[in-house]
Amino acid sequence: MPELPEVETIATNLRRGTPNQPPLPGMIVSAGSVLWPRTLATPTIDEFDKLIPGQAVTEISRRGKYLVIQLSRETLLIHLRMSGDLLVLSDETPPAPHDRLIVRFLGGYRLVFNDPRKFGRVWLVTHPGSVLASLGPEPLDEDFTPQRFYCMLQQHHRRLKPLLLDQSFIAGLGNIYTDEALHMAGLHPLQLSQNIAVEQAGRLWVSIRHVLQEGIRRNGASIDWVYRGGDFQNYFRVYQRTGKPCPVCATPVERSVIGQRSSHYCPQCQPPPV
DNA sequence: CACGAGACCTGTTCGC
DNA sequence: TGCGAACAGGTCTCGT
């Protein structure tokens with residue numbers, strides 16, 4: 001799915017609006033409608049339909065890969081998982097295939113959660129902490145220091161790739177940005193976290209923040225049939241570039257499956273652990 | 001605690 | 001051309 005930069009881009013667009021869509025803050029909900037029941041994690045559809053009308057959107061933010069839409073009384077949390085997307089559309093725009101949940105507003109606009117694969121989830125809760133509690137630190141926050149990151153790595157005995165994908169370890173990284181960061185840091189995805197030297201941890205810290213910021217600057221990545229407007233996909237170093245030359249040393253990029261996910265890396269720049 | 005397999009889903013692309 | 005396999009930005013649960 002969308003990873004941190006894609007969710008950040010969507011949050012910014014919802015907050016500020018775009019040439020095609022008005023800003024969400026200030027809008028007042030007229031009704032909710034759940035088209036695919038499993039999309040709504042909590043509460044029940046009946047309660048959702050009852051609770052959401054009349055609430056105003058007050059604030060839009062992001063935590064990890066969750067979109068956080070603050071309403072007058074409750075908080076709407078949205079996770080796009082693999083194929084979810086959020087659109088603000090006017091009443092003139094007809095419904096689309098794969099629309100899963102809709103929040104309608106006074107004034108003729110609606111927020112549409114569209115999700116072909118149906119993995120995405122929406123929560124309407126009083127306390128967002130109940131859903132977000134297990135998330136690790138935000139990699140772009142000030143209190144996420146290289147020193148702290150080194151300590152975190154030392155506390156686990158796990159392979160780097162699955163560890164970085166673990167949202168309770170660090171929030172927001174997915175398959176793309178993890179592969180990109182490991183390549184930039186010159187670290188193999190199978191490297192064990194406890195064997196990382198301070199200096200290597202520092203390089204990984206810089207790399208993680210660099211690729212995330214680069215992703216945000218380019219409005220995220222749009223790949224496969226899910227186009228969200230970003231163009232970071234044109235700047236991938238290794239992700240989905242199997243067999244193509246490493247941008248640093250021209251060695252063909254390799255792919256292997258690690259922890260059920262495909263990993264892309266340069267065997268020259270990212271030597272495998274002994 | 002760390003890890004692999006399976007589940008949840010649909011759509012696109014690959015390979016024979 | 002056609003058809004099944006492989007694959008896709010994620011996360012959960014279960015068994016070892």
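Predicted model, so just to flag it, every value in this text is computed and none were measured. Letters A, B, ... mirror the listed sequences (proteins, then strands); counts begin at 1.
Separation of the P atoms belonging to dC7(C) and dA5(B) is 14 Å when rounded to the nearest angstrom. Separating the C1' atom of dT10(B) from that of dT1(C) is a span of 24 Å, rounded to the nearest Å. The separation of dA6(C) from dG6(B), taken at their P atoms, amounts to 13 Å, rounded to a whole angstrom.
If you measure from atom CZ of R100(A) to atom P of dG11(B), you get 8 Å, rounded to the nearest angstrom. Atom-to-atom, CG of L165(A) to P of dC12(C) comes out at 13 Å; the value is rounded to the nearest Å. Computed from coordinates, the N114(A) CG to dT10(B) C1' distance equals 12 Å when rounded to whole Å. Per the geometry, CG belonging to L153(A) stands 16 Å off C1' belonging to dA2(B), to the nearest Å. The nearest whole Å value for the distance from the CG atom in L190(A) to the P atom in dG4(B) is 9 Å. Straight-line distance from the CD atom of Q233(A) to the P atom of dA8(C): 17 Å, rounded to whole Å. The interatomic distance linking I223(A) (CD1) with dT13(B) (P) rounds to 12 Å, in whole Å. Distance CD (Q240(A)) to P (dA6(C)): 18 Å, rounded to an integer number of Å.
For dC7(C), the OP1/OP2 oxygens have no side-chain nitrogen or oxygen of R261(A) closer than 4.0 Å. Between dC8(B) and K118(A), no contact under 4.0 Å exists linking OP1 or OP2 to a side-chain N or O. At the phosphate of dG11(B), OP1 or OP2 sits under 4.0 Å from a side-chain N or O atom of H98(A). Contact annotation: R121(A) side-chain N/O to dC9(B) OP1/OP2 distance is not under 4.0 Å. Regarding contacts with the backbone of dA7(B), every side-chain N or O of R38(A) stays at 4.0 angstrom or more from both OP1 and OP2. Here Q260(A) does not reach the OP1 or OP2 of dG6(B): none of its side-chain N or O atoms lies under 4.0 Å away. Regarding contacts with the backbone of dG10(C), every side-chain N or O of H79(A) stays at 4.0 angstrom or more from both OP1 and OP2. One finds a side-chain N or O of S262(A) lying less than 4.0 angstrom from the OP1 or OP2 phosphate oxygen of dA8(C). Between dC3(B) and R159(A), a contact under 4.0 Å exists linking OP1 or OP2 to a side-chain N or O.
The aromatic ring centres of W123(A) and Y66(A) sit less than 6.0 Å apart. When ring centroids are compared, H183(A) and Y265(A) stay outside the 6.0 Å threshold.
Electrostatic pairing of E138(A) and R63(A) counts as a salt bridge here, judged by a charged N lying under 4.0 Å from a carboxylate O. The residues R104(A) and D91(A) are annotated as not salt-bridged, no charged nitrogen and carboxylate oxygen being separated by less than 4.0 angstrom. Salt-bridge check for E8(A) with K65(A): failed, with every basic side-chain N at 4.0 Å or more from each acidic carboxylate O. Under a 4.0 Å N-O distance rule, the pair D166(A)/R158(A) qualifies as a salt bridge.
Although no hydrogens or angles enter the test, the distance criterion places no donor-acceptor pair under 3.5 Å between the side chain of R100(A) and the main chain of N114(A).
Between the side-chain ring of F119(A) and the base of dT11(C), no stacking contact exists by the 5.5 Å and 30° definition.
Under the ring-ring contact (aromatic ring centres under 6.0 Å, His included) rule, H264(A) has a single partner from F236(A), Y239(A), Y177(A), which is Y239(A).
A stem is defined here as three or more consecutive Watson-Crick or G-U pairs, each with both distances under 3.5 Å; for DNA chain B these stems are B:2-8 with C:10-16, B:10-16 with C:2-8.
Residue-to-nucleotide proximity on DNA chain C shows that, of H264(A) and Q167(A), the 5′-proximal contact is made by H264(A).
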